[in-house]
Engineer: 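Here's a structure for you.
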Amino acid sequence: MSITVYNTLIRKKVPFNTIEPGRVRMYVCGPTVYDHAHIGHGKLYISMDMILRYLRYTGLDVLYVQNITDVGHLLDSGEDRIMKGARREQTDPMQVVERYMRSYMDDMDALHNIRPDIMPRAAGHVPEQIAAVEQLIKNGNAYEVNGSVYFDVSSFPEYGKLSGRKIEELQEGTRLNTRAEKRRPEDFALWKRADPEHIMRWNSPWGEGFPGWHIECTAMAIKYLGANFDIHGGGLENVFPHNECEIAQSEALSGETFANFWLHAGSLTVSGVKMSKSLGNSVTIQDALNEYPAEVIRMFVLSSHYRSPIDYSKEAVDAAYKGWQRLIGPALSVQQILLTTQESDAAQSNFSSTIKQTRDDFKTAMDDDFNAPKAIACLFDFAKDVNGLLSEYPRPDDATLQSIAEVYNDLAGTVLGLLPANSTTSVNRDNELIEILVDLRKTARKQKDFATSDAIRDKLATIGVILEDGQSGTTWKTGFSNLSE
RNA sequence: GGCGACGUGGCCAAGUGGUAAGGCAGGGGCCUGCAAAGCCCUUAUUCGCGGGUUCGAAUCCCGCCGUCGCCUCCA
């Protein structure tokens, strides 16, 4: 195995090795479902999806778990996010959860993110969480006060090893008023007692309450992946406190190393600043998908390294849009040529070295901490080579075209998810109809009836069929068909 | 205040010791009835600034400036 990854835990790029040969167990923190997902979520999960896809592409058997948080998240105001959503929409909290969980799944599907193998929900794992808290108390890492249970940070000397924070510094830097009942301000909640008005509540050994935020990931990751697993992924802004607390709880609980590799994706800003409701600059995934095809959003995200922060702006995504069209244009052309023309006196092309080079370079780039932007650059080089080949006459032989299509399917499609979903579904009758129109246009052009020929070209363009006149006649392609403008 | 990330051409962005990938935009040319697409050429003696290490640094070290994120429950 030759993959290297940047491990946040040690702040270095290191060789990636799995606990079990050929198998990867991977956990990624999922969203709190109380509102529609925004493109910040989209960025994170596209990054993680790319990593998942590549690991699988290299032949690893990946078990991918991503949770859904549907309890207990508090706002700065002390308000429960889901209850806030419920009040806003005048519905039951669990109805809110269902609604936005489905919305989230729809968004992820639309972005072509592969679904996790297991998506456990926090509310469905309260017994596991209670058991974890009980064990932590038994181990001497947690204490109960007034029906709430807190993790005693001083009992875990390695606290801070992920984020590089020191407990002493935390005490100085605390910005919020902390609950007086905690022994130390940096202790964090494992279980919270429910105030009378709190709707989401469960019975526990400490009375009615609800689980703290971090404990769900500990309980569910351990349940489905074991106490020690390979990869834990998430957003960079969750390093502290969330991931740090997860490590403390989990390792205090089991005595084992929690995750071997911590992978964090850079955050997304909108026109230079973080999204927030109060600034009114929030862009949902649905908003973005109304503007651009999913592949373009993926192209935009994957154009910079997953650990880098990116800034969402019209200019940047428009540029990605153009780049994407250039990138996959040859793939669409190759498919159309294979579908609509015959290999007659096709030239025997010697393109295999280019294909091998492309696959090798792509792999080298991706092996180096999933360097998708560099991998995409390899595909741009490939696109240029393919365009050159396609401009020759007669057209390349079928075998060459097939192997080009395979490169696109594997690298741009399977690994990066950049090929249009419907690009391979060509209905024969549609093809024949288009051929008829192309023929009519050819006749019109011969008669110098350019009004007719241009009308045919323009009208086909409005339904996503692009005609291109070349030396060997007119070719056409679809696949950009869901594009507006 | 602390912790962390980042600062590469007009814009986006690779590059972690060996002499600046790629994309977008711009300019010139070829092709075209006109287009579109494509192809060729072209745009950073230079990598926030100042020192240092080295035969050699965008890459390592020190200092400074700037942007962003996090600092107890936001992916």
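Naming: A, B, ... by sequence-line order, numbering from 1 per chain. Any value given below was found using the heavy atoms of this structure, including those in side chains, with hydrogens, waters and symmetry copies removed.
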Engineer: What's the closest nucleotide to the A:P373 side chain, out of B:rA13, B:rG23, B:rC34?
Structural biologist: B:rA13
Engineer: Does A:K13 pair with A:D369 as a salt bridge, N-O distance under 4.0 Å?
Structural biologist: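 No, this pair does not count.
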Engineer: The side chain of A:A377 lies closest to which of these nucleotides: B:rA21, B:rA14, B:rC34?
Structural biologist: B:rA21
Engineer: A:N243 side chain N/O closer than 4.0 Å to the phosphate oxygens (OP1, OP2) of B:rC70?
Structural biologist: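 Answer no for this pair, as no side-chain N or O of A:N243 is under 4.0 Å from OP1 or OP2.
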Engineer: Check the angle between the aromatic planes of A:Y143 and A:Y150 and answer parallel, tilted or perpendicular using the 30° and 60° thresholds.
Structural biologist: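 Tilted: the ring planes of A:Y143 and A:Y150 meet at 30° to 60°.
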Engineer: Rounded to whole angstrom units, what separation is found between the CD atom of A:E186 and the C1' atom of B:rC3?
Structural biologist: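 Going from CD in A:E186 over to C1' in B:rC3 covers 15 Å.
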Engineer: Using the C1' atoms only, state how far B:rA57 lies from B:rU8, rounded to an integer number of Å.
Structural biologist: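 Here B:rU8 and B:rA57 have their C1' atoms 14 Å from each other.
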Engineer: For A:K13 and B:rA14, what is the distance between atoms NZ and P respectively, to the nearest whole Å?
Structural biologist: 11 Å
Engineer: For the side chain of A:N387, starting at C-beta, report the closest nucleotide among B:rC71, B:rC39, B:rA14.
Structural biologist: B:rC39
Engineer: Would you mind pulling out the nucleotide paired to B:rA57, Watson-Crick or G-U wobble, both distances under 3.5 Å?
Structural biologist: none
Engineer: When rounded to the nearest Å, what value does the distance between P atoms of B:rA44 and B:rG22 take?
Structural biologist: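 The same atom, P, in both gives a distance of 13 Å.
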Engineer: Measure from the side chain of A:K374, starting at C-beta and using heavy atoms only, and say which of B:rC73, B:rA75, B:rA14 lies closest.
Structural biologist: B:rA14
Engineer: Please determine, for B:rU19, whether a Watson-Crick or G-U wobble partner exists with both distances under 3.5 Å, and give it or none.
Structural biologist: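 Paired with B:rU19, as far as the under-3.5 Å criterion goes, is no nucleotide at all.
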Engineer: Between B:rA14 and B:rG51, how far is it from one C1' atom to the other, in whole Å?
Structural biologist: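 B:rA14 and B:rG51 have their C1' atoms separated by 28 Å.
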Engineer: Suppose you measure atom P in B:rC71 against the same atom in B:rC61; what distance do you get, rounded to whole Å?
Structural biologist: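 Here B:rC71 and B:rC61 have their P atoms 28 Å from each other.
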Engineer: Within 45° of the axis and under 6.0 Å from the centre of the six-membered ring of A:Y6, does NZ or CZ of A:R307 qualify?
Structural biologist: yes
Engineer: Nearest to the side chain of A:S453, heavy atoms from C-beta on, is which of B:rA75, B:rG33, B:rU72?
Structural biologist: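 Out of B:rA75, B:rG33, B:rU72, the nucleotide with an atom closest to A:S453's side chain is B:rG33.
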Engineer: Taking atom C1' in both B:rC31 and B:rC39, what distance in whole Å separates the two?
Structural biologist: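 Those two atoms are separated by 9 Å.
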Engineer: Does any non-hydrogen side-chain atom of A:V317 lie less than 4.5 Å from one of A:Y312?
Structural biologist: yes
Engineer: For B:rG1, which nucleotide in any strand shown is its Watson-Crick or wobble partner with both distances under 3.5 Å?
Structural biologist: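 Its partner is B:rC71 (Watson-Crick or G-U wobble, both distances under 3.5 Å).
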Engineer: If I take atom CG in residue A:N238 and atom P in nucleotide B:rC71, what distance separates them, rounded to the nearest angstrom?
Structural biologist: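 The distance from CG of A:N238 to P of B:rC71 comes to 9 Å, rounded to the nearest Å.
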Engineer: Check this for me: does the side-chain of A:R457 come within 3.5 Å of the base of B:rC34 through a donor and an acceptor?
Structural biologist: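 A donor-acceptor contact between them is present.
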Engineer: From the list B:rC24, B:rA75, B:rA14, which nucleotide is the closest neighbour of the side chain of A:H305?
Structural biologist: B:rA14
Engineer: Applying a 3.5 Å limit to both distances, which nucleotide forms a Watson-Crick or G-U wobble pair with B:rG66?
Structural biologist: B:rC6
Engineer: Would you kindly give the CD1-to-P distance between A:I376 and B:rA21, to the nearest whole Å?
Structural biologist: 19 Å
Engineer: Can you identify which nucleotide, out of B:rG22, B:rA75, B:rC73, has its nearest atom closest to the A:F380 side chain?
Structural biologist: B:rG22
Engineer: In whole angstrom, give the distance that lies between atom CD1 of A:I215 and atom P of B:rU72.
Structural biologist: 20 Å
Engineer: By centroid distance (under 5.5 Å) and plane angle (under 30°), are A:F450 and B:rG33 in a stacked arrangement?
Structural biologist: yes
Engineer: For the side chain of A:R441, counting heavy atoms from C-beta on, which of B:rU72, B:rG33, B:rA75 is nearest?
Structural biologist: B:rG33
Engineer: Any donor-acceptor pair under 3.5 Å between the side chain of A:D469 and the base of B:rC34?
Structural biologist: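 Per atom types, the contact qualifies.
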Engineer: How far, in whole Å, is B:rG28 from B:rG66 if one measures between their C1' atoms?
Structural biologist: 38 Å
Engineer: With a 3.5 Å cut-off and no angle check, do the side chains of A:E246 and A:T218 form a donor-acceptor pair?
Structural biologist: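 No.
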Engineer: Are the aromatic rings of A:F261 and A:F16 close, with centres under 6.0 Å apart?
Structural biologist: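 Distance test on ring centres: under 6.0 Å, yes.
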Engineer: Where the side chain of A:R11 is defined as all heavy atoms beyond and including C-beta, which of B:rG4, B:rG22, B:rC73 is the nearest nucleotide?
Structural biologist: B:rG4
Engineer: When rounded to the nearest Å, what value does the distance between P atoms of B:rU72 and B:rG9 take?
Structural biologist: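 It comes out at 36 Å once rounded to the nearest Å.
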Engineer: What is the separation between atom CZ on A:F300 and atom C1' on B:rC12, rounded to the nearest whole Å?
Structural biologist: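 After rounding, the reported distance stands at 9 Å.
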Engineer: Provide the Watson-Crick or G-U wobble partner of B:rU45, both distances under 3.5 Å; none if there is no partner.
Structural biologist: none
Engineer: With a 3.5 angstrom cut-off on both distances, give the Watson-Crick or G-U wobble partner of B:rU32, or none if there isn't one.
Structural biologist: none
Engineer: Take a 6.0 Å sphere around NZ of A:K161 and say whether it holds more than 12 heavy atoms from other residues, nucleotides or ligands.
Structural biologist: yes
Engineer: Taking only the side-chain heavy atoms of A:R326 (C-beta and beyond), determine which of B:rG22, B:rA5, B:rC39 contains the nearest atom.
Structural biologist: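 Of B:rG22, B:rA5, B:rC39, B:rC39 is nearest to the side chain of A:R326.
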